[in-house]
Amino acid sequence: MNKLTPVPVTRDIKNIVNAGLQRRHAAERRFRAYGLAAITLGLAFVVLMFVNIISKGYPAFWQTYIELPINFNPTVITPEGQRDQKTLEDADYAALVRVGLRETFPHVESRRDLQELYRLISSNASLHLRDMILKDVALIGTTQSVWVLASANVDTFVKGNIDRTLDESLRQVKDQEIGWIDKLQASGQLEQRFNIGLFNNGDSREPEQAGIRGALVGSFYTLLITFLLSFPIGVATAVYLEEFAPKNRWTDLIEVNINNLAAVPSIVFGLLGLAVFINFFGLPRSAPLVGGLVLSLMTLPVIIIAGRAALTSVPPSIREGALGIGASKLQMVGHHVLPLAMPGMLTGSIIGMARALGESAPLLMIGMVAFIVDVPKNITDPATVLPVQIYLWADLPERAFVERTSAAIMVLLAFMIVMNGLAIILRKRFERRW
Amino acid sequence: MLFYLFVTLALLSLSGYYLGKKRAFTVAGSHIRNLHSLPSYYGSYTALWCGLPALILFTVWATLQPGLIIKLVVARLPQELQDLPPGQLNLVVNDIKNLVSGNIVSSTPDATILAAVDHYRHLEWIGNVSLWVVVITLAIAGIVHGWRAISPKLRARNQVERVINLFLIASSTVAIFTTLGIVLSVLFESVLFFGKVPINDFLFGLQWSPQTAMRADQTGSSGAFGMIPLFAGTLLISGISMIVAVPIGLMSALYLSEYASPKFRAMAKPALEVLAGIPTVVYGFFAALTVAPLIRDIGTTLGLQVASDSALAAGLVMGIMIIPFVSSLSDDVINAVPQSMRDGSYALGATKSETIQRVLLPAALPGIVGSILLAVSRAIGETMIVVMAAGLSANLTANPLEAVTTVTVQIVTLLTGDQEFDSAKTLAAFALGLMLFIVTLILNIIALHVVRKYREQYE
């Protein structure tokens, strides 16, 4: 064995330790900084995404309108003098719009220039005039100042998204049109108003007319079916598994099944819906009914797991109190346990519904990806939901759709925040700690 | 039409409840305690006798009626129409159905079709009327039967509870039926697919170009259905997302549970959970419109060749989405380690970071590994981000700057196109779905097994 020179033990060990202390404290500070950096980065991502979406989306809430002098010429609207519904509906209101435009810009002569001029106004201006006449027939023969929707290119330019300084061949809006737009702005005939069309209209290929109403109604019906199907079945399953099920292999199988279903990718549920509900049962494609069925199968495990947690949290003394005065097991569950566990179950279901609201992959599989213009009237009409609408709009090339997609995302996120907030308030107010 | 029948049935059941309850009070005689059960149970007994058999008959009849009517209408069609191949006969049937419901049809209908439409309407009218009559008769008969059976000795509560128990058990089997449905439906279509494309080509093929010929002489009719490039793409994008999510998620969990003050933790934890609640479409939009052009611009200034739908963009955004999964699951596991272990470490003079690295992480490691595996399974099954931000053509590469496609993208592309349903192209989507389901199932089982086997039981 080596002969170790005896060292003054205590003082040197203390020196050794003290020498390393600075390095260790530095490592400690670094580690803490990494942790803080990680969480700051995570929170920064949240903020970044919200700022990005909101900055892209809030311009969509304002829409450009142009004021035109419209002469409701009786010879155009009612050429033979009769004012029945059909004549008023079929009249050529587009001609009135064109006359109004020519009057505002009387020096535009050539055919090509006139066609460019007509493109300043959206295609639904004639429909707007028709609605005015149908509401008040007395307008025929008068001249009114009507505010009509400007086309998407004008709107994009006015919002500053088309670069004036670019070469004309690279722009959607030509110099001549810019001149007209400037003139309209100078004379106060062009203004931006709140875009109520975003919430009133269904989908459209024209960005200035596109709205999310169809998607909102479709989402509402789909979520309604999802809730009506998944909540009772989920609560019943949770009650059965927690209170009544004997501890045998069959019950284990059910529990393993539910845990697995909670982790299955959502697109596989879409495949199930396609193969079983649409092909085998022949339900209508792209209907909220099928979407609700698929989403309820997805939400079921979430509700069951939350329900079981809520039921477990009710203390045994409550159950034994009920049994002690002669209640049957079902009476005990229904009268004593379930009302106390209901806040937890509702919280879990609201969170599950919020997840279902944002789901789009399984709904793509069952056909909700079509271009649907009408607002669905019942659960078997073809419909689309808000996330799928966002997905469809994200693919469209017009610049104006970018801001509309962002605005639709803002609406969707608002709904999610409201639902999650509701769940949190419910939890804070009603949940009891035993 | 049928909705009103449903409402009528509900109202009849409700009246059955009140009638039964009143009857119970009547037969009780002097005092309610003569009854075996509470009066409300006698009411429920009557209501169940009224509603349940009628509802079952209603459902079965309403489901079978359309199919039966179509069969009868087709049987009355002229022979040459009945002899058509099934696809064309289906078109004729669709025309009839469209005319009945007032929709547009493919061409102007001729006399036989119009006659068939009238026949359909007639049969439908007969069917609906008889349905109404039978269901309401059954409901009223149920009320009468239940009402007459009410006596003080009738064990109404037991009967009603038996029905409710059956309902509870039936609800629990919905989960099993769902799994069964998923497995069977995906398996069935996959078996059809493997009949057209050999399973070895699918599992081990290195090329994915799903094309099937519409006509025999069409060029490009050779399709390659090898799924390895798709899984390689999935693994590449999931790998990138894990590289982003695991460090950030784990360090956030450690900071929140060890270093943060309670106030900071109460604010930061929900804020991080917000990331989990954002719909994946939003992430996809963000990836496609902001992150991908940004990466491409950075790449161009650095002189690199970056695709506009690179795997890096999709992977980054998917990583951001998975951060809260890793963070919250790890947080639970780290909190489960008892305080005594931390105290012992501090007592020996270790700093906080040393305690975390040498005591906490090894103790919590099985749980953390389990949560990482669950996050990986989530990343593999993610659809919308990759559909919007990743490419469409299969590319067997490890370069994150190139465009790759994943299994989920191909499933969506194959099924939202307009191919015939039983061509190899659409069936391939089901085969891919089967693979996806199996892989995520295995990952989840491994995660559960790892956590259970290696978890230290403290106290």
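The chains referred to below are lettered A, B, ... by the order of the sequence lines, with proteins before strands, and numbering in each begins at 1.
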Which atoms of [X] are under 4.5 Å from chain B, going by heavy atoms: the side chain, the backbone, both sets, or neither?
X: T251(A); value: neither
X: Q331(A); value: both
X: A263(A); value: both
X: V402(A); value: both
X: K56(A); value: side chain
X: R355(A); value: neither
X: L413(A); value: side chain
X: F280(A); value: neither
X: F281(A); value: neither

For chain B, which of [options] has the most heavy-atom pairs under 4.5 Å?
options: I417(A), N52(A), L41(A); answer: N52(A)
options: L300(A), L43(A), L21(A); answer: L43(A)
options: I258(A), L261(A), L364(A); answer: L261(A)
options: A37(A), G42(A), A394(A), S360(A); answer: S360(A)
options: F45(A), F244(A), W250(A); answer: F45(A)
options: N257(A), I390(A), L297(A); answer: N257(A)

Less than 4.5 Å to any heavy atom of chain A: does that hold for the side chain of [X], its backbone, both, or neither?
X: V183(B); result: neither
X: T351(B); result: both
X: L256(B); result: side chain
X: A288(B); result: neither
X: S377(B); result: side chain
X: L254(B); result: side chain
X: L432(B); result: neither
X: I411(B); result: both
X: R378(B); result: neither
X: I380(B); result: neither
X: L441(B); result: side chain
X: E258(B); result: neither
X: V174(B); result: side chain
X: Y259(B); result: both

Smallest separation among heavy atoms of [X] and [Y], with atom names:
X: G433(B); Y: L271(A); answer: CA-CD1, 3.6 Å
X: M251(B); Y: G35(A); answer: CE-N, 3.6 Å
X: L272(A); Y: I182(B); answer: CD1-N, 3.5 Å
X: A271(B); Y: V46(A); answer: O-CG2, 3.9 Å
X: G358(A); Y: P279(B); answer: O-CB, 3.6 Å
X: S185(B); Y: V276(A); answer: CB-CG2, 3.9 Å

Rounded distance [0.5 Å steps], OG1 in T416(B) versus CE in M368(A):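 Going from the OG1 atom of T416(B) to the CE atom of M368(A) covers 15.0 Å.
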Sidechain-backbone polar pair: T440(B) side chain, V264(A) backbone, donor-acceptor under 3.5 Å: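 It does not hold such a pair.
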